[in-house]
Participant: 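Sharing a structure, written as structure tokens. Questions coming.
Note that ligands are numbered from 1 as they come in the structure, with each ligand's atoms numbered from 1 the same way. Everything quoted here is computed from the prediction, not taken from an experiment. As a basis for the values below, the full set of heavy atoms in this structure was taken, side chains included, without hydrogen atoms, waters or symmetry mates.
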Amino acid sequence: MTFGGLLVALYVWKCLMLVVFQNKIIYMPSFPPNSRSERIADYAGQQCGDIAWADERTKAADGTDLAMAVTTVPLPKGSRRIGAGPAADSDGRQPKAHVYILYFQGNASSIPPRLPGLSWVLRAVSDSKAIDLSPMQLTFVCLSYRGFWTSRGRPSENGLRLDAEAGAEWISRYHKQKYGDDSDLPVPILLVWGQSIGCGVATNLAATGRLPTSLPIEGLILETPFLSVKAMLETLYPQKWLPYKRLWPFLRNHLDSESNLGLIAKRCREDGKKLPSIHILEAERDEIVPREHGDLLCQKCIDLGVPAVRDTIPVAFHNEAIARGDGKKLAANAILQLIRRALDSS
Ligand SMILES: *[C@@H]1O[C@H](CO)[C@@H](O)[C@H](O)[C@H]1NC(C)=O
């Protein structure tokens with residue numbers, strides 16, 4: 001009797017903790033312990049393939065001060081001087097498009113340790129001969145959510161929505177500053193790349209976010225995405241006798257990419273806008289997200305008529321999908337395909 005009572009009390013306690021501390025369990029900005037004091041400089045140089053990242057800051061709509069790491073590379077390589085402004089290239093050709101990639105990281109660690117991997121993806125994109133159009137530039141913006149790295153505040157799904165919107169706003173301002181308010185060339189092409197929980201942030205932005213009208217999302221890269229936090233509860237705690245999966249009504253964080261796909265399709269159709277293309281990058285040995293999540297996301301895209309491509313990164317685990325050689329190649333390929341699609345249909 002006492003034993004049974006204790007067991008029930010323990011269950012109730014664990015459930016309560018899970019509900020109360022869900023933000024801490026889901027986001028983990030202070031793991032590993034040095035995450036918040038990482039610096040771009042510690043990863044500069046060769047590790048980043050000599051791609052120079054700059055610290056930038058912006059503010060979310062509620063005033064939260066956010067950190068970003070930003071770089072610009074020419075497309076294709078050698079076509080223009082980096083940071084040369086709106087001037088045309090040596091042949092006098094105006095750039096036709098300026099590509100922006102807004103990147104949302106996974107649940108732990110911070111931006112600087114991710115820069116070497118991302119830099120090599122960027123190098124592969126810049127070195128590629130696949131884009132033989134007039135010279136372009138690509139600006140990559142890693143937005144650090146509130147509470148992560150040197151961003152202020154504490155993470156929550158609603159906060160991260162504002163942070164994502166602030167990232168898109170910053171890009172829109174940057175483009176206007178660089179090329180002038182009413183210049184129609186180059187066109188901005190916005191791609192959004194989410195990793196793990198960042199996929200939820202990315203699809204939230206595409207589905208319900210306030211985006212600058214001149215900056216629709218042309219493509220989404222979803223790296224090791226999951227369906228939703230609710231689905232992950234069922235995945236992580238499948239046991240009948242464990243009550244955790246029944247706690248979903250108490251979730252304050254949904255990161256529900258599955259529902260978001262439906263909202264994105266509905267919104268685009270209602271507004272007569274082009275649907276964004278989706279490129280899913282999943283890890284073959286993902287130890288956290290089961291393959292069915294990718295299957296269902298793909299099926300949902302097909303059902304909704306959303307253009308979608310899916311690549312599996314060989315031998316990669318969940319948190320290191322692009323750390324593997326093939327991961328970088330496949331990520332670069334995803335970016336190139338999305339750019340091409342955006343150019344073809346613009
Ligand atoms: C969150 O971060 C921890 C620590 O790195 C990791 O073990 C876990 O797999 C991560 N969860 C997700 C969903 O990525």
Participant: Quick check against the 3.5 Å criterion: does Gln195 have a side-chain atom that pairs as donor or acceptor with the backbone of Glu223?
Facilitator: no
Participant: Under a 3.5 Å threshold, I'd like every N/O contact between ligand 1 and protein atoms, with atom names and distance.
Facilitator:
residue  : atom   : partner : partner atom : Å
ligand 1 : 2 (O)  : Asn107  : OD1          : 2.8
ligand 1 : 2 (O)  : Asn107  : ND2          : 2.7
ligand 1 : 11 (N) : Asn107  : ND2          : 3.0
ligand 1 : 14 (O) : Ser196  : OG           : 3.3
ligand 1 : 14 (O) : His318  : NE2          : 3.2

Participant: Answer yes when Arg152 and Asp65 have at least one side-chain N-carboxylate O distance shorter than 4.0 Å, and no when they do not.
Facilitator: no
Participant: Please walk me through it: do Arg310 and Glu282 pass salt bridge (Lys or Arg N to Asp or Glu O under 4.0 Å)?
Facilitator: CA-CA 8 Å; Arg310 177 192 196 182; Glu282 61 187 9; 3.0 Å; yes
Participant: Same hydrophobic cluster for Tyr145 and Leu162, using side-chain heavy-atom links shorter than 4.5 Å among ILVMFWY?
Facilitator: no
Participant: Is a donor from one side chain sitting under 3.5 angstrom from an acceptor on the other, for His175 and Thr139?
Facilitator: no
Participant: Would Asp271 and Lys266 pass as an ion pair if we require N to O under 4.0 Å?
Facilitator: no
